[in-house]
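Report on the following structure.
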There are 2 protein chains.
Amino acid sequence: METRELRYFVAVAEELHFGRAAERLGIAQPPLSRAIQQLERRLGVALLKRNSRAVTLTEAGSVLLREGRAALDAVDAADRRTRRAALAATGHPDLVLVTKAGASSELLPKLLDAYAAEPGAVTVDVLLCGPGEQERLLRDGRADVALLHRPFDSTAGFDTEELCTEGQVVVLPAGYHLTGRAHLRMADVTALPGLPMPRWPGADGAYPDGPGPEVRDHAQLLQLIALGRASAVLPESCRAHLRGDLAAVPVLDAPAVTTVIAWPPHSRSRALAGLVRAATRL
Amino acid sequence: METRELRYFVAVAEELHFGRAAERLGIAQPPLSRAIQQLERRLGVALLKRNSRAVTLTEAGSVLLREGRAALDAVDAADRRTRRAALAATGHPDLVLVTKAGASSELLPKLLDAYAAEPGAVTVDVLLCGPGEQERLLRDGRADVALLHRPFDSTAGFDTEELCTEGQVVVLPAGYHLTGRAHLRMADVTALPGLPMPRWPGADGAYPDGPGPEVRDHAQLLQLIALGRASAVLPESCRAHLRGDLAAVPVLDAPAVTTVIAWPPHSRSRALAGLVRAATRL
DNA sequence: TGGACCGATACCCGGGGGGTATCGCTGCCC
DNA sequence: GGGCAGCGATACCCCCCGGGTATCGGTCCA
């Protein structure tokens, strides 16, 4: 199976429409139809059901969509990491660390400083991204290492080391009536009148249904809370950087958040090993 | 980057010889040379150093070898799992479980029975393989789920659930003078006179240097022990199926062995979820 | 110094991937 | 109900590229 065929199939499977998929791929529709037919013939498997009005995936087709995406990510990763390795050889060694924007704001500078102080430390680029994007960046080679936060982020498929564990706090507008409490429980904060929990986009970029406002990132969330439109339960380390118009109260029975450093299991370079070592020594 | 190019490069990088690589690939040498040149041109990266007497990998080349193997495994997995999904649709649903031959001989039948008793259970094929091969089979789609044994097997890159933990015993010929002891320590058994620890093949199939005999599998190992040529430290569950000419003595300070069930993180089918559930309930 | 070895180059051929034009089917709507 | 719009499949053509053979150029060894 060639990556070209996989790319074609993934495009069609995502669009469920040959014309649009062909447009997205920058080719005409007939060669795309042929390529998919040929792929099905070579696999000996029906991947799509076409009834001239709608295209749908067969069972095997949805397996190939899942597995094919993973395979294409792996190929992209090979490409990107090879190019970067070559740049490194010409005097610019380089690691890319990715983390959620707004998270680990205390840990990250400490980690970078500790690593930079090591002998043989290389340049570390920091990439900040939205929630749920880190896994993808790590898989397709745009990043080499990530700070993830269990149980929110999935660490599936990566090697990890635990760095620290912390409790959670509920973040409220400064004037809200509960801000004087020493602590709260999840039952107190899940349905605050007028302060619904925000909705984050899922893996497909779509928002689940519900009462809360739609948010994309941390800054947006904090601003919504300050406006009295939402509340949120966040790791307690966020208190250190909280704006003056926000308040935080510990939530005793909220699940503990574990910060882990994660990397693709097969790409353990010397530089990455050094960074992980520095992280575990913090 | 096309999988054809990756396959070609991996062949050359493994053989470090264009002629042999071409033969292995079933093509002539000139097209192979051209394909590699083209790959290097497209990547803008030198992958190989040729000085007309020897071919060596550049830094970037060894990165591409590592990443390319992983990517090719992912593509193979997509192919195999798609074909199997199609077979399933025609009335033959199917899971392939792989484990080391000779290991988990108590747990495995219990697991298979427990799963078979579940509603909606599908056929589970069992694949027995040599040590260190499971990870590969899981990655390239020849298997869907594995029983691994920490700390011997690497669980890197897979989702896992712990099933059980056990101590280890040293396995000796029945008449050996230590067999009467109630327990031993690692220091007692690492250098038994005339009974060296065997050597297992590494990831590349080569054996490390050392005094012990070379072994490939469990049966071979037990036979060598019975012959008085070797000894081995194994999980205590192996006692249940020990031959009469062998004896086992607990080793108190040997590392505990944890049996885990492992699967590729992105391929969680309904059938796989059922098997994992059955396993964790044992 | 000549021959063996090995990768690169030159050149040719054929298949297949890509294009345009068009067909055939199916809902939909006036 | 017939025409039409939308969509995937088919027909047909071109030319690029992957594969082959023959040969070259450099290097090590006898």
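Lettering of chains follows the sequences in order, A, B, ..., and the numbering in each one begins at 1. Just the heavy atoms: all of them, side chains too, but no hydrogens, waters or symmetry mates, feed the values below.
- Under the rule for a side chain to side chain contact (heavy atoms under 4.5 Å, CB included), the partners of A:Asp76 that lie at least two apart in sequence or sit in another chain are A:Arg7, A:Arg80, A:Asp140.
- Per the geometry, CG belonging to B:Leu48 stands 11 Å off C1' belonging to C:dG7, to the nearest Å.
- A salt bridge does not link B:Glu2 with A:Arg4: every distance from a Lys NZ or Arg NE/NH1/NH2 to an Asp or Glu carboxylate oxygen is 4.0 Å or more.
- One finds no side-chain N or O of A:Ser33 lying less than 4.0 angstrom from the OP1 or OP2 phosphate oxygen of D:dG8.
- Put simply, CD on B:Glu5 is 15 Å from C1' on D:dG19, counting in whole angstrom units.
- Of all nucleotides listed (D:dG19, D:dG20, D:dA22), D:dG20 comes nearest to the side chain of B:Ala28.
- Using a 4.0 Å cut-off between a side-chain N of Lys or Arg and a carboxylate O of Asp or Glu, A:Arg69 and A:Glu14 qualify as a salt bridge.
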> So B:Ser33 and B:Gln37, side-chain hydrogen bond (donor to acceptor under 3.5 Å, both in side chains) or not? Walk me through it.
Replying inline: CA-CA 6 Å; B:Ser33 285; B:Gln37 286 171 4; 5.6 Å; no

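- At whole-Å resolution of the value, CD in B:Glu23 and P in C:dC6 are 11 Å apart.
- Within 6.0 Å of CZ on B:Arg199 lie more than 12 heavy atoms contributed by other residues, nucleotides or ligands.
- For the pair B:Leu25 CG and D:dG18 P, the interatomic distance rounds to 15 Å; values are reported in whole Å.
- Put simply, CD on A:Glu2 is 13 Å from C1' on C:dG17, counting in whole angstrom units.
- The phosphate of C:dG17 (OP1 or OP2) has a side-chain N or O of A:Gln38 nearer than 4.0 angstrom.
- Summarising the geometry, the separation between CZ on A:Phe18 and P on C:dG18 is reported as 15 Å, rounded to the nearest angstrom.
- Each of B:Arg20 and B:Gln37 was matched to the nucleotide of DNA chain C holding its nearest heavy atom; the match closer to the 5' end belongs to B:Arg20.
- The CG-P distance, from B:Leu32 to C:dA8, rounds to 9 Å in whole Å.
- Residue contacts for A:Gln29: at a heavy-atom cut-off of 4.0 Å it reaches a base atom on one of the strands shown.
- Atom CZ in B:Arg50 sits about 16 Å away from atom C1' in D:dG25, given to the nearest Å.
- Here B:Arg34 does not reach the OP1 or OP2 of C:dT9: none of its side-chain N or O atoms lies under 4.0 Å away.
- If you check D:dA9, D:dG8, C:dG18 against the side chain of A:Val55, the one that comes closest is D:dG8.
- Nucleic acid contact for A:Arg4: sugar-phosphate only, since backbone atoms but no base atoms lie under 4.0 Å from a heavy atom of the residue.
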